[in-house]
Trainee: 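Okay, here's the structure, questions in a sec.
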Amino acid sequence: MRASDVRAESAIAGATAPRIAGLAEVQRALLAWHRRHGMGAPWRTSRDPYHALVAAVMAQQTQMARVLPAYERFLAAFPTAEALAGATTADVIRAWSGMGYNQRALRLRAAARIVVVDGWPREMEALSTIDGIGPFTAAVVASFAFGRPAACIDTNVRRVLGRLAGEERITPAALRRLAGEALVVRKPARWNQALMDYGARICTPRPKCDACVVAEWCASRASKTRGTKDELPSDGRRVAEERATYEIDTTPKRMQQRRRVPADDAARRYYRGRTIDLLRGLAPGGCIDVDALPPLLGGRHPKPSLRQMRAIVASLVRDGLAVLRPEAVPPAVSLPED
DNA sequence: AAGACGGGGAG
DNA sequence: CTCCCAGTCTT
């Protein structure tokens, strides 16, 4: 890349627009790395949009190591979009066991119901209009299944591209621009996987720069290794002694006033999950008294009062994850058997 | 812009 | 123990 190119682009995109030096070499190096070290996820070689969708939704805020076995189980239970579309809520929630964020499972079924009627949108834009399919999931389906030039942007991609451009706190708009520019349009799926995989394995929050194949083009590494140790932190604090100087700390500015989740919010979330898991274990069609739940839920948190327990159940009902049995006195709850 | 929403693995 | 993860929706 020539300096004149940079200036020309900057005039259009703005003087501060982040760029990656040696982009073509970076693309080549990361694709080569991925060929050797990429993880062989089962949906990697599939062109079935349903496979891509299931994998992408499962991957939302969930590490791949946990997605793989869950993906196999889920597809065994619901091999096609048609099968999922016709499944009961209870069966879908049961198949989602261990994944968390259970509303994802219901949105996934809702998406399946849409595509079995309307067919699959092939463009990221159209995919994004479906509930539960955001920019990331839409880009996964569009690129993996349909070969569309859509850039997946997740936390890994943000970290890798941000560091390469020397812009660790990149804005969403600048990141979208940078990701689109970096996308290898000839093989978008491979490129997306390479970038995400690299962020998950090498360019991690505490990066393994000694194993990095693009370190020589990394603006973040360059800026960190150039100065002496005393110059590193701009706020005047020293980095930890045991950390190598070339390791880049991209820890967000959360040091003071780290947002601590209120205790009862954590407890509430915990007991929502515990309740669903308990309902999963009931015999199909079975239910349980709401007031009998608190002692059964285990206790990393203060045991919920009956009042809190009813509120938790109500929130699950509101989300469609549970139903109250109208005939039961006192109130009883179960998974929606549909 | 800020919350809500799980569960498990890594450090 | 804390932090983090192939995000998305709601307020």
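Values in this document were obtained by computation on a predicted structure and should not be read as measured data. No hydrogens, no waters, no symmetry mates; every other heavy atom, side chains included, goes into these values.
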Trainee: Give me the distance, rounded to whole Å, that separates C:dA6 from B:dG11 when you measure between the P atoms they each carry.
Mentor: 13 Å

Trainee: Out of A:F78, A:Y50, A:W43, which one pairs with A:Y71 under the ring-ring contact (aromatic ring centres under 6.0 Å, His included) rule?
Mentor: A:W43

Trainee: For the residue pair A:Q60 and A:T137, confirm or rule out a side-chain donor-acceptor distance under 3.5 Å.
Mentor: yes

Trainee: In whole angstrom, give me the gap between the C1' atoms of C:dC3 and B:dG6.
Mentor: 15 Å

Trainee: Please assess A:S334 against A:I288 for the test side chain to side chain contact (heavy atoms under 4.5 Å, CB included), listing each intermediate value before the final yes or no.
Mentor: CA-CA 7 Å; A:S334 71; A:I288 188 168; over 6 Å; no

Trainee: Name the orientation class of the two ring planes belonging to A:H301 and A:Y270 (parallel below 30°, tilted from 30 to 60°, perpendicular beyond 60°).
Mentor: tilted

Trainee: So, taking the atom named CZ in A:R201 and the one named CG in A:D197, what distance separates them when rounded to the nearest 0.5 Å?
Mentor: 5.0 Å

Trainee: Please check this pair: side chain of A:R66 against backbone of A:G98, looking for a donor-acceptor N/O pair closer than 3.5 Å.
Mentor: yes

Trainee: Strictly below 4.0 Å, heavy-atom distances to any atom of DNA chain C: list the hits from residues 108-122 of chain A, or just say none.
Mentor: none

Trainee: Rounded to the nearest 0.5 Å, what separates atom CZ in A:R221 from atom CG in A:L164?
Mentor: 11.5 Å

Trainee: Just the rounded figure in Å: distance from C1' of C:dA6 to CZ of A:R159.
Mentor: 11 Å

Trainee: Take the protein atom NE2 of A:H34 and the nucleotide atom P of C:dA6, then report the distance between them rounded to whole Å.
Mentor: 14 Å

Trainee: Measure the CG-CG distance between A:L335 and A:L278 for me, rounded to the nearest 0.5 Å.
Mentor: 9.5 Å

Trainee: Taking the P atom of each, how far is B:dG9 from C:dT8, in whole Å?
Mentor: 23 Å

Trainee: What is the distance, rounded to the nearest whole Å, between atom CG of A:D154 and atom P of C:dC5?
Mentor: 9 Å

Trainee: To the nearest 0.5 angstrom, please state how far the CD atom of A:Q27 sits from the CG atom of A:L183.
Mentor: 8.5 Å

Trainee: Specify the separation, in whole Å, of atom CZ of A:R300 and atom C1' of C:dC1.
Mentor: 12 Å

Trainee: So that I can tick it off, tell me whether A:R19 and A:E181 are bridged by a salt bridge, with the cut-off set at under 4.0 angstrom between side-chain N and carboxylate O.
Mentor: yes

Trainee: Please encode protein proximity along nucleotides 6-11 of chain B as a string of B, S and -, counting only heavy-atom distances under 4.0 Å.
Mentor: BBB---

Trainee: Just by distance, do the side chain of A:D289 and the backbone of A:D291 share a donor-acceptor pair under 3.5 Å?
Mentor: no

Trainee: Taking N or O atoms only and anything under 3.5 Å, show me the protein contacts with nucleotides 9-11 of chain C, one pair per line.
Mentor:
from  : atom 1 : to     : atom 2 : distance (Å)
C:dC9 : OP1    : A:G132 : N      : 2.5

